[in-house]
Engineer: 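Input: one structure, supplied below.
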Amino acid sequence: MPELSWQKSSFSGGDAGNSCLELAIGADPIRHLRESDEPDTVITTTVTKLRSFLLGAKAGEFDHLA
């Protein structure tokens, strides 16, 4: 995998103990996601699928799983 520039939300804080989701932009339309405390595990998806997932999460489509 090529070297990626990972970004995390400004809401997650800068402390070492703060685990959060990180995003890296690959070759269009690929996006890479990982959890900061598990940096070797990377999920790869497309912009369209990530957008659909985020819209569904914001709309509460997955609330019954919590």
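We're numbering straight along the sequence, starting at 1.
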Engineer: Using a strict cut-off of less than 4.0 Å between a Lys/Arg side-chain nitrogen and an Asp/Glu carboxylate oxygen, indicate whether Arg34 and Asp37 qualify as a salt bridge.
Structural biologist: no

Engineer: Is there a side-chain contact between Leu33 and Glu22 in this structure, where contact means two heavy atoms from C-beta onward sitting under 4.5 Å apart?
Structural biologist: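 A side-chain contact is absent here, since even the closest heavy-atom pair is not under 4.5 Å.
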
Engineer: Under a 4.5 Å cut-off applied to non-hydrogen side-chain atoms, are Thr41 and Glu35 in contact?
Structural biologist: no

Engineer: To the nearest 0.5 Å, tell me how far Lys8 NZ sits from Leu23 CG.
Structural biologist: 13.5 Å

Engineer: Just wondering, are more than 12 heavy atoms of other shown residues or ligands nearer than 6.0 Å to CD1 in Ile43?
Structural biologist: no

Engineer: Should Leu21 and Phe53 be counted in the same cluster of Ile, Leu, Val, Met, Phe, Trp and Tyr side chains packed under 4.5 Å apart?
Structural biologist: yes

Engineer: Is a donor on one side and an acceptor on the other found under 3.5 Å between the side chain of Thr46 and the backbone of Pro29?
Structural biologist: no

Engineer: Out of curiosity, does Leu54 fall in the hydrophobic cluster containing Leu65 (side-chain heavy atoms, cut-off under 4.5 Å, transitive links)?
Structural biologist: yes

Engineer: Is it true that Phe62 and Leu50 fall in one hydrophobic cluster, defined by side-chain heavy atoms closer than 4.5 Å?
Structural biologist: yes

Engineer: Roughly how far, to the nearest 0.5 Å, is OG1 of Thr48 from CZ of Arg31?
Structural biologist: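 Going from the CZ atom of Arg31 to the OG1 atom of Thr48 covers 10.0 Å.
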
Engineer: Check Leu4 against Gly26 and note the closest heavy-atom contact, atom names and distance.
Structural biologist: CD2-CA, 4.5 Å

